[in-house]
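This one's a predicted model, so the numbers in the text were calculated from it and none came from an experiment.
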Amino acid sequence: MIGAHVLTAQTMTLAWLFYLPVLGWAIWRCPWVELFTDARRQHLLFGTVFALFLLWLVRRDFDTGVSFHFLGMTAVTLLLDWPLAIVGGFIAQLGLLVLGRQELAPLGVNGLVLIGLPVLITEGCSLIVERAQPKSPFTYIFCSGFFAAGLAALACLLVAMGLLWHDGLFAMPEWLEDFIGYIWLIVFPEAFINGVIITALVVFCPEWLETFNRTRYLSPPSKGNDH
């Protein structure tokens with residue numbers, strides 16, 4: 001999460017100009033009719049947003065103006081599908097804003113980097129998996145869960161560092177070469193946390209996952225004709 005004092009006003013304004021249409025598109029694509037008529041989906045949405053809010057509260061703040069916390073957006077995207085994932089992430093952002101743990105000005109930047117980018121990567125990985133039509137749920141768990149979460153964390157780190165470098169207000173570490181080693185200490189735990197959550201949901205509550213094709217993944221193997 002990036003603070004306002006290490007971003008230029010131009011960057012924050014441009015981010016809002018991109019983030020608002022993304023939010024609007026997500027709100028437009030949300031299945032509101034099914035959501036309002038299905039109490040289970042409502043409870044799932046509210047519970048997911050609350051869990052995401054708590055996850056983002058557990059973070060490490062630095063005096064330099066950045067904070068590190070786990071994203072969790074891969075699991076949220078696979079659980080709710082991308083429109084509700086973006087809306088749910090925005091609601092969690094508003095919760096942090098109310099508590100004073102998030103600034104309003106850079107909310108657009110953080111929304112694009114910490115919500116929009118992970119959702120985009122997770123949705124892309126999920127679409128690639130679905131296009132391949134695999135029958136093993138382990139393919140879904142690894143490619144859409146573990147791999148997508150790790151890739152999303154890596155992309156968020158690189159994009160955030162690129163923004164900070166471009167704006168020039170953040171004191172970049174002199175040990176930038178060593179920073180590459182620390183990246184994996186963030187990428188692998190992010191992949192592990194999301195992957196474990198998706199694994200548990202596939203095993204115990206596959207009906208909760210909006211992106212999980214239960215008919216294909218959980219159907220019994222076909223038996224050949226006896227001769």
side-chain contact (heavy atoms from CB on, under 4.5 Å), that's the test. Do Y19 and I115 meet it? Break it down for me. CA-CA 10 Å; Y19 191 40; I115 298 175; 3.7 Å; yes
For a 4.5 angstrom cut-off between non-hydrogen side-chain atoms, does L84 reach L79? no
Residue pair V109 / T11: nearest heavy atoms and the distance that separates them: CG2-O, 4.1 Å
Look at the side chain of N213 and the backbone N and O of T215, then say whether any donor-acceptor pair between them is shorter than 3.5 Å. yes
Just wondering, do F18 and L23 contact through their side chains at under 4.5 Å, heavy atoms? no
Pair F70-R59, side-chain contact (heavy atoms from CB on, under 4.5 Å): steps then yes or no: CA-CA 8 Å; F70 292 113; R59 71 190 200 191; over 6 Å; no
Are there more than 12 heavy atoms of other residues, nucleotides or ligands under 6.0 Å from atom CH2 of W16? yes
M73 and A85: which non-hydrogen atoms are nearest, and at how many Å? CE-O, 3.5 Å
Specify the closest pair of heavy atoms between V202 and P137, including all atoms of both residues, with the distance to one decimal. CG1-CB, 4.3 Å
Going hydrophobic residue to hydrophobic residue with side-chain gaps under 4.5 angstrom, can you get from V129 over to F138? no
Looking only at non-hydrogen atoms, find the nearest pair between G108 and A15 and report the distance. C-CB, 3.7 Å
Tell me the side chain to side chain donor-acceptor pair (under 3.5 Å) pairs involving residues 65-78, sequence neighbours left out? D61-S67, T74-T122
Face-on cation placement of R214 at F212 ring, 6.0 Å and 45° thresholds: no
For A160 versus I2, what's the shortest heavy-atom pair and its separation? CB-CD1, 4.0 Å
Short question: side chain of Q93, backbone of Q102 - any donor-acceptor pair under 3.5 Å? no
Within a 6.0 Å radius of atom OH on Y217, are there more than 12 heavy atoms belonging to other residues, nucleotides or ligands? yes
Residues P134 and R216: closest non-hydrogen pair is O-NE, 2.6 Å
Qualifying side chain to side chain donor-acceptor pair (under 3.5 Å) pairs with a residue from residues 187-199, counting only residues at least two apart or across chains: E190-N194
With a 3.5 Å distance limit and no angle check, can you tell me whether W25 reaches the backbone of P83 through a side-chain donor-acceptor pair? no
Tell me, do L201 and P206 make a side-chain contact under 4.5 Å, heavy atoms counted? no
Is it the case that the side chain of W56 and the backbone of A92 share a donor-acceptor pair, with hydrogens and angles ignored and the cut-off at 3.5 Å? no
Taking the side chain as everything from C-beta on, heavy atoms only, tell me whether C125 gets closer than 4.5 Å to C143. no
For L117 and I121: C-alpha separation, side-chain torsions, deciding distance, then whether side-chain contact (heavy atoms from CB on, under 4.5 Å) applies. CA-CA 6 Å; L117 185 58; I121 292 175; 4.1 Å; yes
Take T211 and Y140 through the test side-chain hydrogen bond (donor to acceptor under 3.5 Å, both in side chains) and record every step on the way to the result. CA-CA 10 Å; T211 58; Y140 174 86; 2.7 Å; yes
Which is it for F90 and L107 under the side-chain contact (heavy atoms from CB on, under 4.5 Å) test, yes or no, and what are the steps along the way? CA-CA 9 Å; F90 177 65; L107 190 143; 3.9 Å; yes
Under 4.0 Å between a Lys/Arg side-chain N and an Asp/Glu carboxylate O for E210 and R41? yes
Please indicate whether F147 has more than 12 foreign heavy atoms, meaning atoms of other residues, nucleotides or ligands, lying under 6.0 Å from its CZ. no
With sequence neighbours left out, which residue pairs that include part of residues 29-39 fulfil the side chain to side chain donor-acceptor pair (under 3.5 Å) condition? none
Assess whether atom CZ of R40 is packed by more than 12 heavy atoms of other residues, nucleotides or ligands within 6.0 Å. yes
Under 4.5 Å between any side-chain heavy atoms of T48 and L80, yes or no? yes
Between L185 and F68, is there a side-chain heavy-atom distance shorter than 4.5 Å? no
